[in-house]
**Student:** 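Here it is, the structure in full.
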Amino acid sequence: MPATTTTTTRLRRALRREIPCTVGLLADERDFAAMRRYRTFAFDDHPTYLKEVEALLASLARQGAHTTVALFDPDEYVSYCAETGLDPDHPTSRSRFTDHLATTGARVTYTGQPLSALLPELVDTAVRRATWEYATAVLATAGDCPDCGLDLGRDAFDRATRLLLALLDGAGTGTHHLVCSVPAADDHLLAVLHTTRDDDGTNHHDPTAATEFTAVVAAGITLASPGGLVLRVTRPGRPDRLHGWRLTDGTLAPLTEAEVFAAYCTDARTGEPLPPEHGVDHRAGFPLAPGPGAHHHDRP
């Protein structure tokens, strides 16, 4: 091979490593089936499709490319094509939509992990993104208090922030796992936060996850929704502690020990009792100061 050709190939490979790549992924059978309506969509079954995607990702990694994987939603794809005037039954249209997802969609970075690990991460990212968008929309459209003019969404978020800090203070040192569930008119908001608190009283957590969690609590306050929150505290050499609260009247009201036990030891689908988890203490929720602003949420 001539030297100039070798140099050109080397330079192109080097350039290729500096171009980011996004791969759109149909995560489940339902989404895959929706894309089979298009004549130009080449795949017949989802397992083969996933196998080929995984091979493509591995190939891109070997080339040194920075690759992200985005969730390809067929319904969003149809809307995008309608808005942009593209033919949905064309590979170029799918490529353009995938490029669009690189800045707007749920996506994760491919680091060589198997697809069996990447898929749940991608779906979780999409759920978190949708939850965040819904919660922030609730807060943004809450309006102002007719009595004092205060922004109700901002007030609810500030209140939720104080409640979260009170929860972490009351939990003490250790590893904390918090889950907040809020039913909404046409959705169900669920947020999870993992934190650790060291002996100096410093909390360590992902600030983005903390903001998302706070937004869901705030949305529950704004909607006056009968949500709930559970806290699991883990410390080395001690049984885990489980605490629970009911979201009501703009604050978190502690559940009793019996209510916490019933919540954890009842099958949510069938209502049948479940055996208690070994090495876990079910505790009542501890009181949390509601803070200012409760009068905004006392009206029907």
Side-chain angles (χ1 to χ4, degrees), residues 68-69 71 106-111 113-114 116-136 139 156-184 187-221 227-247 251-252 254-255 260-261 263-265 268 276-286 288:
T68 57
V69 181
L71 195 65
R107 57 200 181 278
V108 298
T109 300
Y110 177 70
T111 58
Q113 67 270 47
S116 58
L118 188 147
L119 270 172
E121 182 184 0
L122 182 59
V123 171
D124 178 67
T125 300
V127 171
R128 286 179 55 187
R129 183 186 183 94
T131 300
W132 166 254
E133 290 175 350
Y134 190 104
T136 53
L139 300 180
F157 191 87
D158 291 343
R159 179 192 248 325
T161 300
R162 292 191 295 270
L163 287 171
L164 176 58
L165 291 176
L167 280 166
L168 298 181
D169 286 342
T173 59
T175 299
H176 310 136
H177 178 78
L178 299 97
V179 180
C180 181
S181 175
V182 174
D187 208 337
H188 194 99
L189 306 181
L190 186 70
V192 177
L193 178 63
H194 301 277
T195 77
T196 57
R197 188 178 181 96
D198 58 30
D199 293 335
D200 296 329
T202 302
N203 297 312
H204 303 274
H205 50 250
D206 177 1
T208 299
T211 301
E212 293 170 351
F213 188 90
T214 305
V216 168
V217 177
I221 293 172
L229 187 147
V230 293
L231 164 69
R232 184 173 188 138
V233 181
T234 301
R235 296 180 184 176
R238 302 184 187 181
D240 284 7
R241 299 195 330 259
L242 297 176
H243 302 270
W245 292 261
R246 181 182 297 106
L247 185 59
T251 190
L252 290 169
L255 297 178
V260 173
F261 182 89
Y264 271 90
C265 299
E277 187 178 349
H278 177 70
V280 173
D281 289 341
H282 299 83
R283 304 280 188 89
F286 42 83
L288 302 171

**Student:** Check the pair Glu121 / Arg107 against salt bridge (charged side-chain N to carboxylate O under 4.0 Å, His left out), numbers first and verdict last.
**Tutor:** CA-CA 9 Å; Glu121 182 184 0; Arg107 57 200 181 278; over 6 Å; no
**Student:** The test is side chain to side chain contact (heavy atoms under 4.5 Å, CB included); show your working for Leu167 and Leu178 and say whether it passes.
**Tutor:** CA-CA 9 Å; Leu167 280 166; Leu178 299 97; 4.0 Å; yes
**Student:** Can you find a heavy atom in the side chain of Leu139 that is under 4.5 Å from one in the side chain of Phe157?
**Tutor:**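 Heavy-atom side-chain distance check passes, below 4.5 Å.
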**Student:** Quick one: are Thr131 and Leu190 in side-chain contact, heavy atoms under 4.5 Å?
**Tutor:**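 No - every pair of side-chain heavy atoms lies 4.5 Å or more apart.
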**Student:** Can you name the nearest heavy-atom pair linking Arg241 to Gly170, along with the distance?
**Tutor:**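 In terms of heavy atoms, the two residues are closest at NH2-O, 4.4 Å.
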**Student:** Only counting residues at least two apart or in another chain, list the ones meeting salt bridge (Lys or Arg N to Asp or Glu O under 4.0 Å) with Arg197.
**Tutor:**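 Once residues adjacent in sequence are excluded, the partners of Arg197 under the salt bridge (Lys or Arg N to Asp or Glu O under 4.0 Å) criterion are Asp169.
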**Student:** Does Asp281 have any salt bridge (Lys or Arg N to Asp or Glu O under 4.0 Å) partners at least two apart in sequence or in another chain, and if so, which?
**Tutor:**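 In terms of salt bridge (Lys or Arg N to Asp or Glu O under 4.0 Å), with neighbours along the sequence ignored, Asp281 is linked to Arg283.
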**Student:** Pairs in or reaching into residues 190-221: which pass ring-ring contact (aromatic ring centres under 6.0 Å, His included), with residues at least two apart or in two chains?
**Tutor:**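 Residue pairs passing ring-ring contact (aromatic ring centres under 6.0 Å, His included), neighbours aside: His177-His194.
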**Student:** Thr234 and Asp240: side-chain donor and acceptor closer than 3.5 Å?
**Tutor:**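 Their side chains do contain a donor-acceptor pair, which is all the 3.5 Å distance test asks for.
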**Student:** Arg128 side chain to Val123 main-chain N or O, any donor-acceptor pair under 3.5 Å?
**Tutor:**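 Absent.
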**Student:** Step by step, work out the side chain to side chain contact (heavy atoms under 4.5 Å, CB included) result for Leu255 and Val230.
**Tutor:** CA-CA 10 Å; Leu255 297 178; Val230 293; 5.8 Å; no
**Student:** Do other residues, nucleotides or ligands put more than 12 heavy atoms under 6.0 Å from the CZ atom of Arg238?
**Tutor:**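 No, CZ of Arg238 has 12 or fewer neighbouring heavy atoms, counting only those of other groups under 6.0 Å.
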**Student:** Do you know which two heavy atoms are closest between Val217 and Leu247, and how far apart they sit?
**Tutor:**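 Of all heavy-atom pairs spanning Val217 and Leu247, the closest is O-CD2, 4.1 Å.
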**Student:** Would you give the length of the straight line joining atom CG of Leu163 to atom CG of Leu165, rounded to the nearest 0.5 angstrom?
**Tutor:**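 Those atoms lie 9.0 Å apart.
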**Student:** So, do Thr196 and Asn203 sit near enough that their side-chain heavy atoms are less than 4.5 Å apart?
**Tutor:**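 Not in contact.
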**Student:** Taking salt bridge (Lys or Arg N to Asp or Glu O under 4.0 Å) as the test, write out the residues that go with Arg246, two or more places apart.
**Tutor:**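 Here the qualifying residues are Glu259.
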**Student:** Would you say the side chain of Phe286 lies within less than 4.5 Å of the side chain of Leu231, judging by non-hydrogen atoms?
**Tutor:**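 They are in side-chain contact.
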**Student:** Please lay out, stage by stage, how Thr195 and Thr175 fare under the test side chain to side chain contact (heavy atoms under 4.5 Å, CB included).
**Tutor:** CA-CA 6 Å; Thr195 77; Thr175 299; over 6 Å; no
**Student:** For the residue pair Ala117 and Pro120, what are the closest heavy atoms and their distance?
**Tutor:**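 Closest approach of Ala117 to Pro120, heavy atoms only: O-CD, 3.4 Å.
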**Student:** Look only at the side chain of Asp206 and the backbone of Thr208, and say whether a donor-acceptor pair between them is shorter than 3.5 Å.
**Tutor:**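 A pair under 3.5 Å: yes.
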**Student:** Please identify each residue that fulfils salt bridge (Lys or Arg N to Asp or Glu O under 4.0 Å) with Glu133, with sequence neighbours left out.
**Tutor:**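 For Glu133 the salt bridge (Lys or Arg N to Asp or Glu O under 4.0 Å) partners, ignoring immediate neighbours, are Arg129.
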**Student:** Over all heavy atoms of both residues, which pair between Ala126 and Leu71 is shortest? Give the atoms and the distance, please.
**Tutor:**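 That closest heavy-atom pairing would be CB-CD2, 3.4 Å.
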**Student:** Donor-acceptor pair, Glu212 side chain versus Ala210 backbone, under 3.5 Å?
**Tutor:**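 Not confirmed, Glu212 side chain does not pair with Ala210 backbone.
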**Student:** Hey, does the side chain of Thr202 reach the backbone of Asp198 with a donor-acceptor pair shorter than 3.5 angstrom?
**Tutor:**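 Absent.
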**Student:** Output yes when a side-chain donor or acceptor of Trp245 lies under 3.5 Å from a complementary backbone atom of Thr251, and no otherwise.
**Tutor:**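 Checked: no pair found.
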**Student:** Among Ile221, Leu288, Leu164, whose side chain to side chain contact (heavy atoms under 4.5 Å, CB included) with Leu252 holds?
**Tutor:**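 Per the side chain to side chain contact (heavy atoms under 4.5 Å, CB included) rule, the option paired with Leu252 is Leu288, out of Ile221, Leu288, Leu164.
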**Student:** Could you tell me which non-hydrogen atom of Gly220 sits nearest to which non-hydrogen atom of Val182, and how far apart they are?
**Tutor:**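 Smallest heavy-atom distance, with atoms named: CA-CG1, 3.6 Å.
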**Student:** What are the two closest heavy atoms between Ala215 and Ala135, and how far apart are they?
**Tutor:**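 Here Ala215 and Ala135 meet closest at O-CB, 3.8 Å.
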**Student:** Got a sec, which residues hit side-chain hydrogen bond (donor to acceptor under 3.5 Å, both in side chains) with Thr173, two or more places apart in sequence or on another chain?
**Tutor:**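 If we apply the side-chain hydrogen bond (donor to acceptor under 3.5 Å, both in side chains) test to Thr173, skipping adjacent residues, there are no hits.
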